[in-house]
Amino acid sequence: MTLKLFNTLSGKLEEFVPENPPKVKIYTCGVTVYDESHVGHGRSLIVFDTFRRYLEHLGYKVRFVRNFTDVDDKIIDRAKSECKHFMEIADRYIARYYEDMEAIGVRPADVEPRVTDHIPEIIELIKRLIEKGYAYATPEGNVYFSVEKFKEYGKLSKRSIDELIAGARVEPGEDKRNPLDFALWKRSKAGEPAWESPWGEGRPGWHTECVAFVFKHLGETIDIHGGGLDLVFPHHENEIAQAEALTGKPFARYWMHNGLVIVNGQKMSKSLGNFVTLKEIYTKYHPDVLRLLVLSVHYRSPLDFSWEKMETSKKVYERIRQAVEDYETLKTLKVEETAEGGVHPLYSTIKETEEKFFKALAEDFKTQEALAAVMELISEMNKIRNEAFRTKTVSKAALEAYGAAVNSIKNTLRNIFGLLEDVLPRCPVREVVRKELEPASAVLDESLIDLLVEVRQMARERKVFDIADKIRDALKEKGIVLEDTPFGTKWKRA
RNA sequence: GGCGGCGUAGCCAAGUGGCUAAGGCGGGGGACUGCAAAUCCCUUAUUCCCCGGUUCGAAUCCGGGCGCCGCCUCCA
């Protein structure tokens, strides 16, 4: 099956063919580590983590690089306001970032470069740009990329230089030759992080780092470059300008951009203050619920975040999880040998589901459609479960088919979508992370819950239903939901 | 203002020229249950923002409106 991807550069759906199969080189822009990661960051990270897993599933040997921007104005401002060294701020938020990513199942990249570890490479890159005449140093100690020197400037974001100049804002006191020129090297002010360079003490501009990282860790041309839609201009446009000015070769063959997270019609962002941090999500929901929500929407569409959507997503998640976990109960039932031969009908549903699943992903990575296919399989699984629970027996064929369905879900939703990693099989690390993030008030002692459930069962057996219901209601208020099944009462946290 | 994208049921979201307009949430009815919850079955858009046009045939293509979002400044 051939994978088709929407390439921002061409504005069209294109067949994906790596330059050197089976190798695929991907770079995505990571985060600037000056504060907590929010749902907007989370979306981008989840999308590209899932996409990477999918490529690996297709058999590609993926080399994935995602950076940390650990020197920038915001980090410096934060450091000043806390009277700390900027590296301390960066290290703190990188550590926080890893907690968030581990919880949500975003795997580390193969290489995770930091600006502060690549200063020589960045300086070298700037020197080469100056030598080739694409950049100039000013007497003030800044270095700028000269946009008009790069004829194809604007090809990614579909803008013309003239149009950009017309709308450009001229900042007073800037030493640029052209208002569109962007800083490759910035002279440091007193007390700011600074590195020695041929142009005096300074620090790198933002757009240069990604090019330096790509050149060093992936090469001059990569297969896929990803990031949020808000990075198309100017960030990615500026990356192309630098890289292609130097090499004359395409910087990235496919450009993938994820749509932004919207809150009440506006982009979620730090500056608007309408953001929800991943940590806040985790105190209210299993991290998979957010992961599922993100994958329930096409990666290029806007995702309108709301707590109502989280609730919906949670219901869907519980439905999936339940179907998978019920396999364990099913295995404890009395198994009946199947009389008739034939293949259990569930197998054909599994096959259809997988076909739809992979067809959807092959078409511009339509995770939402792939997910819909799995929901149909879940319904069929639940029918078997219902019948088995009712009769307290299960046919050997049905049990095997159910097991095959669970395996199929392992392949699709766990291995590729990164969901259910704490269920299939138990992943202690993610459980620990989650528990640490849960508010103390939510953690009712488990042995106490078990005791209450037991007492309630005694009341039910004696038909003292008012007491039984009182216990159920009281636990519900504490966020514990009871379900009476043919195999006793189960409880779970809401 | 320029550029890019989007408008499908109460809500989210597939479908991109022709089978009965996926799937989920919510709502209604039923089965199950002591009652619930979960699950299953049935049901919930004669119609796809509006107006024209192309076509035997359009939600899907074209033209024109209206509305929404993003980018144009740091931003995943």
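Since this is a predicted model, take the numbers as computed values, not measurements. Letters go in sequence order (proteins before strands), and every chain restarts at 1.
For the pair A:Arg321 and B:U39, the criterion of a side-chain N or O lying under 4.0 Å from OP1 or OP2 is not met. Contact annotation: A:Lys267 side-chain N/O to B:C71 OP1/OP2 distance is under 4.0 Å. Phosphate contact (OP1/OP2 of B:C40, side-chain N/O of A:Asn382, threshold under 4.0 Å): present. Between A:Thr32 and B:A76 there is a side-chain N or O to OP1 or OP2 distance below 4.0 Å. Under 4.0 angstrom from either OP1 or OP2 of B:C40 there lies at least one side-chain N or O belonging to A:Ser379. Of the side-chain N and O atoms in A:Lys383, one or more sit less than 4.0 angstrom from OP1 or OP2 of B:C41. Side-chain N/O atoms of A:Gln368 include none lying less than 4.0 angstrom from OP1 or OP2 on B:A13.
Closest approach to the A:Glu376 side chain among B:A76, B:A22, B:U39 is made by B:A22 (side chain taken as heavy atoms from C-beta onward). In this structure, of B:G2, B:G24, B:A37, it is B:G2 that holds the atom nearest to the side chain of A:Arg159. Of the listed nucleotides (B:U39, B:A76, B:G34), B:G34 has the atom at the smallest distance from the side chain of A:Arg460. Comparing atom distances between the A:Val31 side chain and each of B:A38, B:A76, B:G23 picks out B:A76 as nearest. The side chain of A:Arg319 approaches B:U39 more closely than any other nucleotide in the set B:C72, B:U39, B:C74. The side chain of A:Lys158 has B:C3 as its nearest neighbour among B:A76, B:C3, B:C35. Nearest nucleotide to the A:Lys74 side chain, out of B:C74, B:G34, B:C71: B:C74.
A:Gln266 comes within contact range of the sugar-phosphate backbone alone, with a heavy-atom separation under 4.0 Å but no base atom that close. At the heavy-atom level, A:Leu482 lies under 4.0 Å from base atoms of the strands shown. Backbone-only contact: A:His298 has heavy atoms under 4.0 Å from sugar-phosphate atoms and none from a base. At a threshold of 4.0 angstrom between heavy atoms, the contacts of A:Val316 are confined to the sugar-phosphate backbone, with no base atom among them. Contact annotation for A:Phe465: base contact, defined as any heavy-atom pair under 4.0 Å involving a base atom. Within the 4.0 angstrom heavy-atom criterion, only backbone atoms of the sugar-phosphate kind lie near A:Gly30; the bases stay farther away. Counting any heavy atom pair closer than 4.0 Å across all strands shown, A:Asp304 reaches no nucleic acid atom. Contact annotation for A:Arg43: no contact, since no heavy-atom pair falls under 4.0 Å across all strands. Among the atoms of the strands shown, base atoms are found under 4.0 Å from some heavy atom of A:Gly40. A:Val261 comes within contact range of at least one nucleobase, with a heavy-atom separation under 4.0 Å. Using a 4.0 Å heavy-atom criterion, one finds that A:Thr28 contacts no nucleic acid atom at all. Note on A:Arg456: a base of the nucleic acid sits closer than 4.0 angstrom, heavy atoms only. Among the protein residues, A:Arg390 comes within range of no part of the nucleic acid, since none of its heavy atoms lies under 4.0 Å from any strand. Nucleic acid contact class of A:Lys315 (heavy atoms, under 4.0 Å, all strands): sugar-phosphate only.
A centroid separation of 6.0 Å or more is found between the aromatic rings of A:Tyr285 and A:Tyr317. Side-chain rings of A:Phe389 and A:Phe487 approach one another, their centers coming within less than 6.0 Å.
Remark: A:Arg66 is not positioned above the aromatic ring of A:Phe48, lacking an NZ or CZ atom under 6.0 angstrom from the ring centre and at most 45 degrees off the axis.
When both pairing distances are held under 3.5 Å, B:A58 makes no Watson-Crick or G-U pair with any nucleotide shown.
Side-chain atoms of A:Arg472 come within donor-acceptor range of the base of B:C35, with a qualifying N/O pair under 3.5 Å. Taking 3.5 Å as the limit, the base of B:C32 and the side chain of A:Asp484 contain no donor-acceptor pair of atoms between them.
Put simply, the residue from A:Glu446, A:Glu325, A:Glu483 that forms a salt bridge (charged side-chain N to carboxylate O under 4.0 Å, His left out) with A:Lys492 is A:Glu483.
Residue-to-nucleotide proximity on RNA chain B shows that, of A:Leu229 and A:His235, the 5′-proximal contact is made by A:Leu229. Looking at which nucleotide of RNA chain B each of A:Gly11 and A:Arg385 is closest to, the 5′-most match is held by A:Gly11.
Ion pair A:Lys4/A:Asp364 not flagged as a salt bridge, since none of the NZ, NE, NH1 or NH2 atoms sits closer than 4.0 Å to an Asp/Glu carboxylate oxygen.
In summary, the side chains of A:Tyr144 and A:Asp175 do present a donor paired with an acceptor at a separation below 3.5 Å, with no hydrogens or angles considered.
Side-chain N or O atoms of A:Ser81 include one that pairs as donor or acceptor with a backbone N or O of A:Arg78 at under 3.5 Å.
Between the CG atom of A:Leu180 and the C1' atom of B:G2 there is a distance of 14 Å, given to the nearest Å.
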